[in-house]
Amino acid sequence: MKIRNLRNTVWMYFVIFISSILILIWFAFVASLESNYKSMKTRDIVSIATYIMNGWNDNNFTTDKLDEIAYENNMCVLIENGLGYTLYSYDMMGNNCLIHGIYSFMLYRYRAEALNSPNGYYYAEVDNPQFNNETLLFVMVVGDKSTPDGFIYINTSLVPLKSTSDIIKRQVMWISIMFFLLGLGVAYLLARLIEAPIVRITRSAKKMAQGDYSVKFDGHGYTETEVLADTLNYAASEISKVDNLRRDLIANISHDLRTPLTMVKAYAEMIRDLSGDNPEKRTEHVNIIIEESDRLATLVSDILDLSKLESGNDELNLTEFCITDKIHEIMERYKLFSEQKWYKFIVTAEERFVAKADVVKMQQVLYNLINNAVNYTGEDKTVYITQIIKDKKTARIEITDTGDGIDPELLPLIFDRYYRAEKSKREVIGTGLGLSIVKQILKQHNYQFGVRSEKGVGSTFWFEMTGHIEK
Ligand code: ADP
């Protein structure tokens, strides 16, 4: 089994997807937890300092409001005027506060930093030496740096995040592992689900390949696989039809080849053993041999014709010719036949109709239809060949006999390959391929064709050619 099958691929992509999401969460959230916290604090301080500044300029901030902000943010705030006098002071942190505690002497250094900085403020993370805890100190110059209006000091403690972040990290790790395992499971199920109809169809296809055309393809689950299954079911039924046809064809053809061959052999033996010396008998027997050989030859050439036509490689050789003339020409050849065997051919074709078609093939169509009519016509031995001009562009050729007609339920079958009605009326040379050749040729030309037949009255085979009347 290859590694890159559908299930593994789906599974792999799903796992990659989950892993990248978890990694992203880890980096975006857990790993940057501390730095995020610090920058958040800094942002808070800057916004409060800005608030104070604005209040200073507009002269409208109240100490109540400042108290509230300082309390909420857990801050220590000191505002001095330019001369260093305290204007406002708030202590939330007690001894932890750098501003009010014993380390307040350090403030001058940070004030100097703020005065030197281009934007007038300075902040730093400063460890309170007494308690060794981290705090964030912010100093801002109010007004012009050379003659400052005042100074704002803000100090806030940075909660030791390490232990908190460790706890969170551990939790997130557990959750990640759980999600990962869950994801693996879901991915596996998903892959199985996607794969299932394909596996089912493949199983059926294997059976079909072994010659079992009765298999049913089951693709339920997805539209795509259902369509695939339907298509395969259709293919299976078509293949099975062709398979049956092939079997019938071989059976029929071998039967038909054997019959004349048996006759040829029997009569040849007869000549050898009995009639060789009797010229009359011998001629009779030799004639039978010749007739049977003819029959064999017809059968073989019909099979060849049909397979050539059906292979689709046989291209039409289109030329303009007069079909009316062609009919008369063919009837000339039946003349001998009509004189010797008392057949009557009644041809009705007045206007000359010209069509662009394959002459040789259309001639074969006419021959096959007329031969059939001759073979199956009734006691009056009459065959009608009629050309009807339907409109200026279409001529309809009809070949009618006065035979027994064809059973309505057999009508749709007679154009099929190798179909022959059970009872043959006369000593008819037939292969059962004549009409399928006719059908192939007419279809190739895109001509309409058909048959109507009435029991006890006769049959009419017709086709329609397109072309024009010649003046
Ligand atoms: P075949 O060589 O047997 O005539 P065809 O393909 O020409 O083969 O015809 C198929 C079958 O159709 C024939 O066996 C016959 O049963 C029926 N058929 C064809 N033409 C006629 C007709 N003019 N009258 C009655 N039956 C016909």
Side-chain angles (χ1 to χ4, degrees), residues 245-246 248-260 263 291-310 327 330-331 334 337-338 341 343-348 361-386 396-444 447 449-463:
L245 212 70
R246 183 184 55 90
D248 289 356
L249 199 69
I250 290 175
N252 288 339
I253 289 178
S254 15
H255 173 82
D256 269 36
L257 286 174
R258 215 176 36 211
T259 318
M263 300 271 272
E291 261 173 43
E292 292 301 318
S293 316
D294 281 346
R295 194 160 147 178
L296 273 176
T298 324
L299 178 63
V300 171
S301 76
D302 273 4
I303 294 171
L304 283 178
D305 278 350
L306 190 63
S307 71
K308 225 170 34 181
L309 280 168
E310 289 193 336
I327 292 172
I330 289 172
M331 289 337 289
Y334 278 97
F337 203 68
S338 61
K341 303 221 175 158
Y343 275 93
K344 256 200 316 247
F345 296 97
I346 299 173
V347 182
T348 322
K361 290 198 171 135
M362 289 313 294
Q363 206 166 303
Q364 194 176 2
V365 168
L366 285 168
Y367 268 122
N368 285 2
L369 292 180
I370 296 171
N371 276 340
N372 276 352
V374 167
N375 285 334
Y376 296 104
T377 195
E379 291 304 319
D380 64 357
K381 291 190 162 189
T382 311
V383 172
Y384 299 87
I385 298 112
T386 318
R396 184 186 173 106
I397 316 287
E398 294 191 345
I399 289 107
T400 307
D401 63 62
T402 60
D404 288 346
I406 305 161
D407 275 336
E409 63 263 31
L410 296 184
L411 270 185
L413 299 176
I414 56 167
F415 280 101
D416 282 350
R417 219 174 329 168
Y418 223 93
Y419 177 80
R420 283 172 81 181
E422 284 303 315
K423 51 176 172 61
S424 278
K425 212 179 140 224
R426 269 180 214 131
E427 272 284 320
V428 174
I429 299 182
T431 58
L433 294 175
L435 283 182
S436 19
I437 292 174
V438 167
K439 174 177 157 183
Q440 286 294 332
I441 293 175
L442 293 176
K443 264 170 79 174
Q444 219 180 349
Y447 288 161
F449 63 93
V451 56
R452 51 173 201 275
S453 185
E454 204 177 316
K455 268 288 184 197
V457 178
S459 319
T460 298
F461 286 79
W462 59 267
F463 59 90

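Numbering starts at 1 and runs along the sequence shown. In each ligand, atom 1 is the first atom listed, and ligand 1 is the first ligand listed. If you're wondering where the values come from, they're calculated on a predicted model, not measured in any experiment.
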Closer than 4.0 Å to some heavy atom of [X] - which atoms of ligand 1 meet that?
{"X": "G434", "answer": "5 (P), 6 (O), 7 (O)"}
{"X": "I414", "answer": "10 (C), 12 (O), 17 (C)"}
{"X": "I406", "answer": "25 (C), 26 (N), 27 (C)"}
{"X": "D401", "answer": "22 (C), 23 (N), 24 (N)"}

Quiz prompt | ligand 1 contacted by S459 (non-hydrogen, < 4.0 Å) | solution = yes
Exercise. Classify the contact between F415 and ligand 1 as side chain, backbone, both or neither, using a heavy-atom distance cut-off of under 4.0 Å.
Key: neither
Quiz item: So, is G405 polar-close to ligand 1, with some N/O to N/O distance under 3.5 Å?
Solution: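 Min N/O separation from ligand 1 is not below 3.5 Å for G405.
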Quiz item: Would you say Y376 has any N or O atom under 3.5 Å from an N or O of ligand 1, going by distance alone?
Solution: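 Among all N and O atoms of Y376, at least one is under 3.5 Å from an N or O of ligand 1.
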Quiz item: Below 6.0 angstrom between ring centroids: does that apply to Y447 and F463?
Solution: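 Not close enough - the centres of the two rings lie 6.0 Å or further apart.
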Quiz item: Can you tell which of I327, V451, L366, V365 makes a side-chain contact (heavy atoms from CB on, under 4.5 Å) with I399?
Solution: L366
Quick one: does any side-chain atom of [X] pair with a main-chain N or O of [Y] as donor and acceptor, under 3.5 Å?
{"X": "K381", "Y": "K341", "answer": "yes"}
{"X": "T402", "Y": "G378", "answer": "yes"}
{"X": "T386", "Y": "T348", "answer": "no"}

Quiz item: Relative to the ring of Y367, is the ring of Y334 parallel (under 30°), tilted (30 to 60°) or perpendicular (over 60°)?
Solution: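 The arrangement is tilted - the two ring planes meet at 30° to 60°.
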